[in-house]
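Reminder, nothing fancy here: chain letters follow the sequence lines and each chain counts from 1.
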Number of protein chains: 2
Amino acid sequence: MTVQQIKYFLELANELHFWKTAEKVFVSQSTLSRQIRSLEDEMGIQLFERDKRNVKLTDAGKFLKEHWSTTIKELDQIHRQAKKIDEGMSGFVSISYPGSITFRFLPKFLETLNSNLPDLKVELTEPTDENHEKLLSDYRTDIAFSRDEISNASIDSLKLFSEPICLVVPNNHWLNKKSLKDFNELQDEKFIISGLHQKTFFASLLRNFFNKHGFEPKTIIESDFGGMILNLVSKEIGISILPLSFKSAKVPDVRFIELDEEIDLYINWRKNEPNKTIKKVIEYVKLV
Amino acid sequence: MTVQQIKYFLELANELHFWKTAEKVFVSQSTLSRQIRSLEDEMGIQLFERDKRNVKLTDAGKFLKEHWSTTIKELDQIHRQAKKIDEGMSGFVSISYPGSITFRFLPKFLETLNSNLPDLKVELTEPTDENHEKLLSDYRTDIAFSRDEISNASIDSLKLFSEPICLVVPNNHWLNKKSLKDFNELQDEKFIISGLHQKTFFASLLRNFFNKHGFEPKTIIESDFGGMILNLVSKEIGISILPLSFKSAKVPDVRFIELDEEIDLYINWRKNEPNKTIKKVIEYVKLV
DNA sequence: CATGATTAATGCGTTTTATGCATTAGTTGA
DNA sequence: TCAACTAATGCATAAAACGCATTAATCATG
């Protein structure tokens, strides 16, 4: 049994047509036919019911389609990770991060990393709705920066720093730290913030913050993208609340007013990570 | 890449000696050498560091040893289950059960099953320390009878029946239902029961029961095996507490005195089980 | 109902890969 | 330095993979 045969099977299970599948996997129809037959013989299990016209999965075939799909995905991830280990400092590492560190922490860290490990490639992803635990356990990322702390027995976490969250206002806005006595003074302001119904950590933090101050913002634009938000604020379309890190984006005509709330940044990685390159990258993170 | 190559790799990873491994997997040393080299070339990963004398796993090799071990075990389980589905009513089903149903429910059920599905083989296991969830999710069992209810999102459970737990005493023992006013009357009795420190459900039930009656038994023999316990009681070595099902064992010179506590029996199976034979067996269980 | 279109299975020749015997080449230990 | 041990390789043979051409079975259509 070869991994290739399993992949032929999975493709045929989707397509249920030998000719079409053969084209898709770049072999002749007769080769595909024989490979599937060979697989059935070796396992002693009939995978498809078929005649000259119809191809159908058997019950066992349906079962294997489901489970082999998972297994092949896992194998691909394992092999990719093994390749990463083999390549070491000349390979690559996957890092996921929240948008809010785009302008300060992350560039500094990547600069440090590049100086010390110039041959190491970095794959950056800014996940939108996957959770970090799954990204790490599936080897889709090797290091996950997050704003919330992850409590999971198979993941190690470390808090890197805290920073204030800020009101973000246009330069000539009437508001400054000294003049803000009560949040209800802002009830006429237009807000450009994350949708408060969302499940992200930052949305949750905003909900808690507003509840604490007994305040309900008038949201006119919902967005998660800090760069976009900063630009809209500078054009005086509305005001926002973002972590102080965004100040480093140096968008003109925008002021940051620190609030009495802080937000953290955590680094997370798989417990007992065997990959020495990832371990070294984590050490460099701690140095930033 | 073939499954066989991965198995060669895993065996060599354990043995770290080509000649010895080749013997174990029934191929020549040169075949093994070429198969491992072929695997390394195809993956573009060095798995072993070796010269003419020493064989050592690389870091990537160590990683793959760990993960491929798991993957191969899963594949074997998947294939076994697929075979089971393919064979249907002429195949086999795995059932795990607690010892306490050996003498009544289980024989009746197996009789029913054999009458209706005479070509179906049944594999019975009485697990000692594995938990049912894992046995089911790993396809090591298809149906798990348990005394405790399993709350798990991927397992369906059904309560089959309740029965009293009983004091089990020798025939000529002074004790009977009417004469037992207070459990402390038994403080001089010698008990033959499960070790109360154990993590089994029945041990837990016994602990709770004794605590409720403010009683601490004088345990002289710790055993989980009902058959053994019954024999020892009949020889007047001590008394015990067991579910009423054991009465059907018809061990002579033993009496069962029902207590005011009941114990349940549950049947558990994988949620959304695709195997029609297992589904049918579950239906027969409900008929008993 | 006959015929043509469609498609999975199979015959056959060629190419590629796997296998094991024999041998080489490198690494120790005495 | 030499012998013992063992992974890698040369080589001949067997087995498997592959694709072209064809067969055989299943419909849809006229």
Side-chain angles (χ1 to χ4, degrees), chain A residues 1-62 64-65 68 72 75 79 82 86, chain B residues 1-62 64-65 68 72 75 79 82 86:
Chain A
M1 170 181 304
T2 69
V3 170
Q4 188 63 270
Q5 282 176 325
I6 296 176
K7 288 180 172 175
Y8 287 165
F9 164 82
L10 288 172
E11 204 65 54
L12 180 59
N14 282 328
E15 204 70 41
L16 295 180
H17 194 286
F18 276 79
W19 263 102
K20 287 178 180 171
T21 303
E23 281 195 323
K24 277 196 163 187
V25 298
F26 306 104
V27 295
S28 72
Q29 176 269 323
S30 58
T31 293
L32 182 65
S33 179
R34 266 186 265 258
Q35 285 292 331
I36 295 298
R37 173 70 61 181
S38 173
L39 191 53
E40 285 177 323
D41 288 345
E42 182 179 332
M43 298 188 76
I45 298 174
Q46 190 176 352
L47 303 174
F48 297 95
E49 286 167 33
R50 54 202 189 270
D51 54 30
K52 288 298 195 285
R53 276 284 189 146
N54 300 296
V55 180
K56 235 170 79 167
L57 277 165
T58 60
D59 286 338
K62 283 170 190 162
L64 284 173
K65 178 185 177 184
W68 272 347
I72 289 297
L75 270 183
H79 295 171
D86 186 62
Chain B
M1 174 180 300
T2 69
V3 170
Q4 188 62 271
Q5 282 176 324
I6 295 177
K7 287 178 172 175
Y8 288 165
F9 164 82
L10 289 172
E11 204 64 56
L12 179 59
N14 282 328
E15 204 69 41
L16 296 179
H17 193 287
F18 276 77
W19 264 101
K20 287 177 181 174
T21 303
E23 280 194 326
K24 278 197 163 184
V25 299
F26 306 103
V27 296
S28 73
Q29 176 270 323
S30 60
T31 293
L32 182 64
S33 179
R34 268 187 264 259
Q35 286 293 331
I36 296 297
R37 173 71 61 181
S38 173
L39 192 53
E40 285 175 323
D41 288 345
E42 182 179 332
M43 298 187 77
I45 299 174
Q46 189 176 352
L47 304 173
F48 297 95
E49 287 167 30
R50 55 205 187 269
D51 53 30
K52 289 298 195 286
R53 277 282 188 145
N54 299 297
V55 180
K56 234 170 75 168
L57 277 164
T58 60
D59 286 337
K62 284 171 190 162
L64 285 172
K65 180 185 176 185
W68 272 347
I72 290 296
L75 270 182
H79 296 172
D86 187 62

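Taking a 4.0 Å limit (strictly below) on heavy-atom distances, residues 35-43 of chain A reaches DNA chain C at A:R37.
Nearest heavy-atom pair across A:T21 and A:Y8 is CG2-O, 4.3 Å. Listed here is the closest heavy atom pair of A:F9 and A:L64: CE2-C, 4.1 Å. The two residues A:A60 and B:A82 come nearest to each other via the heavy atoms CB-O, 3.5 Å. Between A:D86 and B:G44 the shortest heavy-atom distance is OD2-O, 3.5 Å.
Contact of the B:K65 side chain with the B:N14 side chain is registered, since non-hydrogen atoms from C-beta on lie closer than 4.5 Å. A:Q29 is not listed as a side-chain neighbour of A:L32, based on a closest heavy-atom distance of 4.5 Å or more. Counting heavy atoms from C-beta on, the side chains of A:L57 and A:F48 come closer than 4.5 Å.
No donor-acceptor distance shorter than 3.5 angstrom exists from the side chain of A:T2 to the backbone of B:M1, with no hydrogens or angles considered.
Atom CG of A:D51 is separated from atom P of C:dA9 by 9 Å (rounded to the nearest Å). The CD-P distance, from A:Q5 to C:dT17, rounds to 15 Å in whole Å. Residue B:Q29 contributes atom CD, which lies 16 Å from atom P of C:dA18 at whole-angstrom precision. Look at CG on B:L16: it is 18 Å from P on C:dT27, rounded to the nearest Å. Distance A:E15 CD to C:dT6 C1': 16 Å, rounded to the nearest Å.
Dashed line: the shortest gap from a side-chain N or O of B:N54 to OP1 or OP2 of C:dT27 is not under 4.0 Å. Within the 4.0 Å cut-off from OP1 or OP2 of C:dA8, not a single side-chain nitrogen or oxygen of A:S33 is found.
Partners of B:K7 by side-chain hydrogen bond (donor to acceptor under 3.5 Å, both in side chains), not counting sequence neighbours: none found. Looking at residues two or more places apart in sequence or on another chain, you find a side-chain hydrogen bond (donor to acceptor under 3.5 Å, both in side chains) between B:S30 and B:S28.
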Hey, what are the protein-to-nucleotides 11-13 of chain C N/O distances that come in under 3.5 Å?
residue: C:dG11; atom: O6; partner: A:R34; partner atom: NH2; Å: 2.7

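Running 5' to 3' along DNA chain D, contacts with non-hydrogen atoms of chain A at under 4.0 Å begin and end at D:dA17 to D:dC27.
Sequence order on DNA chain D of the closest nucleotides to A:K52 and A:F26 puts A:F26 first from the 5' end.
For residues 44-54 of chain B, every residue pair satisfying the side-chain hydrogen bond (donor to acceptor under 3.5 Å, both in side chains) rule, not counting sequence neighbours, is listed here: B:E40-B:R50.
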